[in-house]
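Both counts, for ligands and for their atoms, begin at 1 and track the order of listing. The basis for the numbers below is simple: all heavy atoms, side chains too, and nothing from hydrogens, waters or symmetry mates. Counting begins at 1 with the first residue of the sequence.
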Amino acid sequence: MQFENLILEKQDRIATIYINRPKALNALNTDTLLELKDAVNQIKTDDSIDLLIITGSGDKAFVAGADIAFMQNLTAMEGRAFGALGQKVFMAVESLEKPVIAAVNGFALGGGCELAMCCDFRIASTKARFGQPEVGLGITPGFGGTQRLPRLVGMGMAKQLLMTADIIGAQEAKRIGLVNEVTEPEELINTVKNIAERILSKGQLAVRLTKAAVNEGTQADINRAMTIEADAFGLCFSTADQKEGMNAFIEKRKPEFTGK
Ligand code: DAK
């Protein structure tokens, strides 16, 4: 499939999506969101791919937000439809069975910060800048920012960022738990790929069940969450990966997982 607003690369079990609208600092319009939806669907059904990295093209922006020029004259119903589309696409990223890492290479503002937040975790370059500037435009965040930011950094810090529209640097984002690691810009993709390799060396069914248990369990009450965890744990014992992982440990060798 040919994309106009993003680049999809696949290599060694890793798919990388580059949001690619350099003239608008990779801002998201409807076409870009629809292409992102198609790309994520493609990755979902591609058995040769076990992990997704999302980043921005160029060295200035991850995604500078939803496209303001596109949103400027929307009617209320068009605005609602645009918000609903973004939410749906970001939910598809969040619930993709395979791990998703955001490699944040520059501005991650508004919809860009929200895209980074629907990934499993975020690694940032020193050039990354995060923020939810929406209130400065007279709107509320519309792609999950009011919900994912407090879940990631706590309610007080999230409300401060959402209400002030302050833009923070990579180190501050790390301090508040929005990103896990900060690297030099030229080392960003290799750092992310190195983390990806460590994930890919493990049992992929267990990785995917772990992701699902975290995502589903943290939305449930503790009793239901423990059942979700117990079900995931039990399911592992039906897999070849569990046999291989435990046999390898007993036999003092490296496991050779098949993802089955
Ligand atoms: N949209 C459209 N174009 C953008 C853009 C954006 N978000 N960000 C940058 N650009 C464009 C600029 O207009 C400029 O285009 P030209 O003038 O060259 O044609 C080009 O990218 C380069 O940008 P600058 O010249 O401004 O570059 P600087 O280095 O001076 O500044 C900047 C970089 C990132 C600080 C600045 O561009 C900036 O402040 N950009 C806007 C950031 C922002 O406010 N992002 C949040 C957007 S709001 C909802 C649905 C969705 C949303 C909310 C509600 N519902 C339906 C409820 C989401 C909202 C957002 O994401």
Practice task
Check whether any protein heavy atom sits under 4.0 Å from atom 12 (C) of ligand 1.
Solution key: no
| query | Can you check whether a protein heavy atom sits less than 4.0 angstrom from atom 19 (O) of ligand 1? | reply | no
If the contact criterion is a heavy-atom separation under 4.0 Å, does [X] count as touching ligand 1?
X	result
Gly86	no
Lys23	yes
Lys60	yes

Using a heavy-atom cut-off of under 4.0 Å, does the side chain or the backbone of [X] touch ligand 1, or both, or neither?
X	value
Leu137	side chain
Phe70	neither
Ala27	side chain
Pro133	side chain

Check each of [options] against [atom] and report the one with the nearest heavy atom.
atom	options	answer
atom 1 (N) of ligand 1	Val135, Ile68, Leu33	Ile68
atom 54 (C) of ligand 1	Thr140, Thr146, Leu115	Thr140
atom 43 (C) of ligand 1	Ala108, Pro22, Gly65, Ala64	Ala64

Check: Quick one: are Val135 and Leu162 in side-chain contact, heavy atoms under 4.5 Å?
Finding: no
task = Indicate yes or no: at least one non-hydrogen side-chain atom of Val207 is less than 4.5 angstrom from one of Asp50.
result = no
By number and element, which atoms of ligand 1 are closer than 4.0 Å to a non-hydrogen atom of [X]?
X	result
Leu109	34 (C), 42 (C), 45 (N)
Gly111	60 (C), 61 (O)
Asp67	1 (N), 2 (C)

Q) Between Phe107 and ligand 1, is there a nitrogen or oxygen pair with a distance under 3.5 Å? A) no
| query | Quick check: does Ile139 get an N/O under 3.5 Å from an N/O on ligand 1? | reply | no
Ranked by distance from atom 9 (C) of ligand 1, the top protein heavy atom is Leu25 CD1, 3.7 Å
